[in-house]
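What's counted below: heavy atoms across the whole structure, side chains too, no hydrogens, waters or symmetry copies. Reminder, nothing fancy here: chain letters follow the sequence lines and each chain counts from 1.
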There are 2 protein chains.
Amino acid sequence: MAAARVYKHPETGDIAIPRVMFALSEPLRLSMVQLLSERGEVDSVELGPDLPRSTLTHHTSLLRESGVVFVRAEGRQCMIQLRRDDLETRFPGLLDTVLHGYQESNPGMAEA
Amino acid sequence: MAAARVYKHPETGDIAIPRVMFALSEPLRLSMVQLLSERGEVDSVELGPDLPRSTLTHHTSLLRESGVVFVRAEGRQCMIQLRRDDLETRFPGLLDTVLHGYQESNPGMAEA
DNA sequence: ATGCTTGTGCGAGAATAGTCGAACGATATG
DNA sequence: CATATCGTTCGACTATTCTCGCACAAGCAT
């Protein structure tokens, strides 16, 4: 058995504001986060069905390295989820405020 | 009387999350905002006494254009203040959360 | 094992952002 | 008016980020 894909994540205490802010400063990533917030854990592809895979990996990696999302391998796909609790612990209210504020200007963006 | 320097600011309703997030993703600008939060209105130079003026203008302009600060000419200097109320109206709690979270990792940074 | 699918790493190119010196316009002071 | 001081603009350079094609490795099915 070979070691499956393993992803490095920052410790909760190491999640830094500037990194998080930067991660959430891109509309594309912001949309991803918003979708994650609505759906819970999703297949990475759902975050950008039309994007080239290498571009998708780029953004999911950035979100992961900044501490915003948790990534795990599931077979050959990878599943992504928000680190809600960790973010809430570290920066209470931040995520909700940002998502609420963004949603306001992007109504009806990721509807089921 | 020539028209004094006039600065363009986005309307409160036009302040957008991605821009704000980006503005606050730079440690330097974050520090400026933190200092503004403590001091109220300050001379622009106080935001970066050691920086080249053109660099200072660059960052204050970015903060202004993103809707984070309000700038007004005062003689030949310029005075900067946080758009606290506007930001609170638009994204309630955001500023406090961010500053609190940043302060935590940068204790004792702009002490009087 | 062969073939298919999926994510990742690498590299190149384009776009964006940061830094800073120099020249300029505007304002205050002598 | 002459001069000094301030902020702005411009241009150049560097650094970072974004995008994406391509090759590769890992997982699943036949």
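- A distance of 4.5 Å separates SG in B/Cys78 from OH in B/Tyr7, rounded to the nearest 0.5 Å.
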> Are A/Ser37 and A/Arg84 close enough, and set up right, to give a side-chain hydrogen bond (donor to acceptor under 3.5 Å, both in side chains), and what steps lead you there?
Replying inline: CA-CA 8 Å; A/Ser37 167; A/Arg84 259 196 190 289; 2.7 Å; yes
> What string of B, S and - do you get for nucleotides 16-21 of chain C, 5' to 3', when a contact is any protein heavy atom under 4.0 Å?
Replying inline: -SSBBB
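- One can place CD of A/Glu65 at 13 Å from C1' of C/dG9, the figure rounded to the nearest angstrom.
- Remark: P of C/dT6 and CD1 of A/Ile80 are 15 Å apart, rounded to the nearest angstrom.
- Judged by distance alone, with hydrogens and angles left aside, the side-chain atoms of B/Arg90 form a donor-acceptor pair with the main-chain N or O of B/Ile15 at under 3.5 Å.
- When rounded to the nearest whole Å, the span between CG of A/Leu30 and P of D/dC18 equals 13 Å.
- Between B/Tyr7 and D/dG7, a side-chain N or O to OP1/OP2 separation shorter than 4.0 Å is absent.
- Between A/Thr57 and C/dG7 there is no side-chain polar atom (N or O) within less than 4.0 angstrom of OP1 or OP2.
- The distance from atom CZ of A/Arg19 to atom P of D/dT16 is 13 Å, rounded to the nearest whole Å.
- Atom CZ of B/Arg72 and atom C1' of D/dG7 are 15 Å apart (whole Å).
- Rounded to the nearest 0.5 angstrom, B/Ile80 CD1 and B/Thr60 OG1 are separated by 5.0 Å.
- Whole-Å rounding puts the B/Leu47 CG to D/dT8 C1' distance at 16 Å.
- Rounded to a whole Å, the CZ atom of A/Arg5 is 13 Å from the C1' atom of C/dG9.
- Residue A/Ser44 is classed as a sugar-phosphate contact, given heavy-atom separations below 4.0 Å to backbone atoms only.
- Atom CG in B/Asp43 sits roughly 9 Å away from atom P in D/dC6 (whole-Å rounding).
- When the options B/Gln81, B/Gln77, B/Glu41 are evaluated for a side chain to side chain donor-acceptor pair (under 3.5 Å) with B/Arg72, the one that passes is B/Glu41.
- With hydrogens and angles left out, the side chain of A/Arg76 and the base of C/dT5 share a donor-acceptor pair within 3.5 Å.
- In summary, A/Glu65 and A/Lys8 do not engage in a salt bridge, as defined by a charged side-chain N under 4.0 Å from a carboxylate O.
- The phosphate of D/dG7 (OP1 or OP2) has a side-chain N or O of B/Arg53 nearer than 4.0 angstrom.
- With rounding to the nearest 0.5 angstrom, the CG atom of A/Asp86 is 10.0 Å from the NE2 atom of A/His9.
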